[in-house]
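Right, one structure below, let's go through it.
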Amino acid sequence: MNKRVGNIEIRVNNVSKSFRDVSALNNVSLDFHTGNLYGVIGPAGAGKTTLFRIMLDLMRADVGGCEYFCDGHSVSFDEFRQNIAYMPQSQSLYSDLSVGEHLDFFRRLYSLDNAEFRKKRTELLKLTRLDKFLDRTAGNLSGGMYKKLGLMCALLRSPRVMLLDEPTNGVDPISRREFWNLLHDALNSGILVIMTTAYMDEAERCDRVVLMDSGHVLGAGEPRELLNKYKCANFDEFFLVRGGNNK
């Protein structure tokens, strides 16, 4: 993939969100910048998906909000929206459409011209190794292949930002490794990648991590620096030390 020029930034400013008596996010402030793979790490109920929905303007915060910047200029979300590709946690593909039909569907959805589409299609099929499965329907793909097809459809529009909600959840170890290789290939094109995961072992594969529990940010920064700061051998230990009442 060609290296992209320019910077993208998303700022989350003092965001809080509650659902009745449950605090999903509690005064969360974060910065996300181009050229990094961010992992938002935490167990179920940490607030990861709620954070994504607010960043994507699918949900309103009770307090605070998000700012969006393109190439140093503050823009509205409506202007920023065209830069984003989003891969939700739940199944989002059409089970009765084949791999090839999905690509053609998203070509029309994104209004890609034929030359651009053919180039991108060839590139992505090679990266995902799905070129031999063009006629297989999404409903008959393995879990790992399904996730790779979802990522491929997201990358088809050449986004500058990718938000991936638990993309490796329920995927076998080999497919997880292949998916991570695809993420790093995407990152090399100069985009911003933000993903959520409950797998602690994936934290150290990220450039930067945001560690969350029960709506609180327990720590944010480079993985190894955080482990050294809190004298933890790994992130399972980090959550034992910092989670619960230690927010």
*CE of Met152 to OG1 of Thr128: how many Å apart, nearest 0.5 Å?*
4.0 Å
_Distance (rounded to the nearest 0.5 Å) between Leu30 CG and Met212 CE_ = 7.5 Å
*Any chance you could measure Ile41, atom CD1, to Tyr199, atom OH, to the nearest 0.5 Å?*
12.0 Å
*Indicate if Ile10 and Val40 have the same hydrophobic cluster label, given that clusters are the connected sets of ILVMFWY residues with side-chain heavy-atom separations under 4.5 angstrom.*
yes
*Val171 and Met87: same hydrophobic cluster, using ILVMFWY side-chain contacts below 4.5 Å?*
no
*Residue from Leu192, Val193, Leu56, Thr196 passing side-chain contact (heavy atoms from CB on, under 4.5 Å) with Leu163*: Leu56
*I would like to know whether Asp131 and Lys126 meet side-chain contact (heavy atoms from CB on, under 4.5 Å); could you show each step before the answer?*
CA-CA 6 Å; Asp131 50 317; Lys126 181 178 179 181; over 6 Å; no
*Okay, side chain of Ser18, backbone of Arg20: is any donor-acceptor separation there less than 3.5 Å?*
no
*side-chain contact (heavy atoms from CB on, under 4.5 Å) assessment of Phe238 paired with Leu218*: CA-CA 9 Å; Phe238 178 95; Leu218 306 182; 3.9 Å; yes
*Going by heavy atoms in the side chains, are Phe106 and Arg157 under 4.5 Å from each other?*
no
*Just do the side-chain hydrogen bond (donor to acceptor under 3.5 Å, both in side chains) check on Asn7 and Thr34 with the steps written out, would you?*
CA-CA 6 Å; Asn7 295 306; Thr34 293; 4.6 Å; no
*Relative to the ring of Phe105, is the ring of Tyr94 parallel (under 30°), tilted (30 to 60°) or perpendicular (over 60°)?*
perpendicular
_Minimum side-chain heavy-atom gap Leu124-Leu130 below 4.5 Å_ = no
*Hey, is Arg176 close enough to Asp172 for a salt bridge, meaning N to O under 4.0 Å?*
no
_Applying side chain to side chain donor-acceptor pair (under 3.5 Å), can you list everything that pairs with Lys148, at least two apart in sequence or on another chain?_
Glu178
*Quick one: does Asn36's side chain have a donor or acceptor within less than 3.5 Å of a partner on Tyr38's backbone?*
no
*asked:* Any donor-acceptor pair under 3.5 Å linking the side-chain atoms of Ser175 with those of Lys147?
replied: no
*Check: His184 main-chain N/O paired with Asn188 side-chain donor or acceptor under 3.5 Å*: yes
*asked:* Could you tell me if the side chain of Leu127 sits less than 4.5 Å from the side chain of Leu182, heavy atoms only?
replied: yes
*Worked check of side-chain contact (heavy atoms from CB on, under 4.5 Å) between Glu237 and Asn234*: CA-CA 6 Å; Glu237 183 179 340; Asn234 52 53; 3.5 Å; yes
*Does the side chain of Thr168 reach to within under 4.5 Å of the side chain of Glu202, using non-hydrogen atoms?*
yes
*Between NE2 of His102 and CG of Leu134, what distance do you get to the nearest 0.5 Å?*
12.5 Å
*Examine distances only and state if a side-chain atom of Thr122 and a backbone atom of Lys119 form a donor-acceptor pair shorter than 3.5 Å.*
no
_Nearest heavy atoms of Gly47 and Leu25, plus distance in Å_ = O-CD2, 3.5 Å
*First locate atom CZ of Phe80, then atom CE of Met55, and finally report the distance between them rounded to the nearest 0.5 Å.*
8.0 Å
_Can a donor-acceptor pair be found, under 3.5 Å and without considering hydrogens, that links the side chain of Ser29 to the backbone of Asn13?_
no
*Nearest heavy-atom neighbours spanning Gly150 and Leu93*: N-CD1, 3.9 Å
*Going only through I, L, V, M, F, W and Y residues with side-chain contacts under 4.5 Å, is there a path from Leu149 to Tyr110?*
yes
_Any side-chain to backbone donor/acceptor pair from Asn228 onto Arg224? Under 3.5 Å, distance only._
yes
_Heavy-atom closest contact (Leu156 atom, Lys120 atom, distance)_ = O-CG, 3.7 Å
*asked:* Could you check whether Lys17 makes a cation-pi contact with Phe19, meaning its NZ or CZ is under 6.0 Å from the centre of the six-membered ring and within 45° of the ring axis?
replied: yes
*Near Arg81 CZ, under 6.0 Å, is it more than 12 heavy atoms from other residues, nucleotides or ligands?*
yes
*Find out whether the Lys NZ or Arg CZ of Arg107 is both under 6.0 angstrom from the six-membered ring centre of Phe117 and within 45° of the ring's axis.*
yes
*When rounded to the nearest 0.5 angstrom, what is the spacing between NZ in Lys48 and CD in Glu166?*
4.5 Å
*Got a sec, which residues hit side chain to side chain donor-acceptor pair (under 3.5 Å) with Glu225, two or more places apart in sequence or on another chain?*
none
*When hydrophobic residues are tied together by side-chain contacts of less than 4.5 Å, even through go-betweens, does Phe69 share a cluster with Val75?*
no
*Contacts of Asp57 that satisfy salt bridge (Lys or Arg N to Asp or Glu O under 4.0 Å) - sequence neighbours left out*: Arg60
*asked:* Regarding Asp62 and Ser16, do their side chains bring together a donor and an acceptor under 3.5 Å, going by distance alone?
replied: no
*side-chain contact (heavy atoms from CB on, under 4.5 Å) assessment of Thr197 paired with Asn169*: CA-CA 7 Å; Thr197 181; Asn169 185 37; over 6 Å; no
*Please walk me through it: do Ser98 and Asp135 pass side-chain hydrogen bond (donor to acceptor under 3.5 Å, both in side chains)?*
CA-CA 5 Å; Ser98 68; Asp135 295 327; 5.2 Å; no
_Modelled atom types, side-chain donor and acceptor of Thr137 and Asp96, under 3.5 Å_ = no
*Please report the C-alpha distance between Glu67 and Ser74 in whole Å, then the side-chain angles of each, then the deciding distance to 0.1 Å, and finally whether the side-chain hydrogen bond (donor to acceptor under 3.5 Å, both in side chains) criterion is met.*
CA-CA 7 Å; Glu67 293 180 281; Ser74 177; 5.1 Å; no
_Can you tell whether the side chains of Glu9 and Arg11 come within less than 4.0 Å, N to carboxylate O?_
yes
*Is there side-chain contact between Asp207 and Glu222, with at least one heavy-atom pair below 4.5 Å?*
no
*Minimum-distance pair of heavy atoms, taken over all atoms of Met162 and Pro159*: CG-CG, 3.8 Å
*asked:* Any heavy-atom pair between the side chains of Val15 and Val63 that's under 4.5 Å?
replied: no
*Between Ala154 and Ala85, which heavy-atom pair has the shortest distance, and what is it?*
O-CB, 3.4 Å
*Of the non-hydrogen atoms in Pro43 and Asp213, which two are nearest, and what is the gap between them?*
CG-OD1, 3.6 Å
*Side chains of Ile54 and Thr50: does their closest heavy-atom pair fall under 4.5 Å?*
yes
*Is any side-chain heavy atom of Phe52 less than 4.5 Å from a side-chain heavy atom of Ile194?*
yes
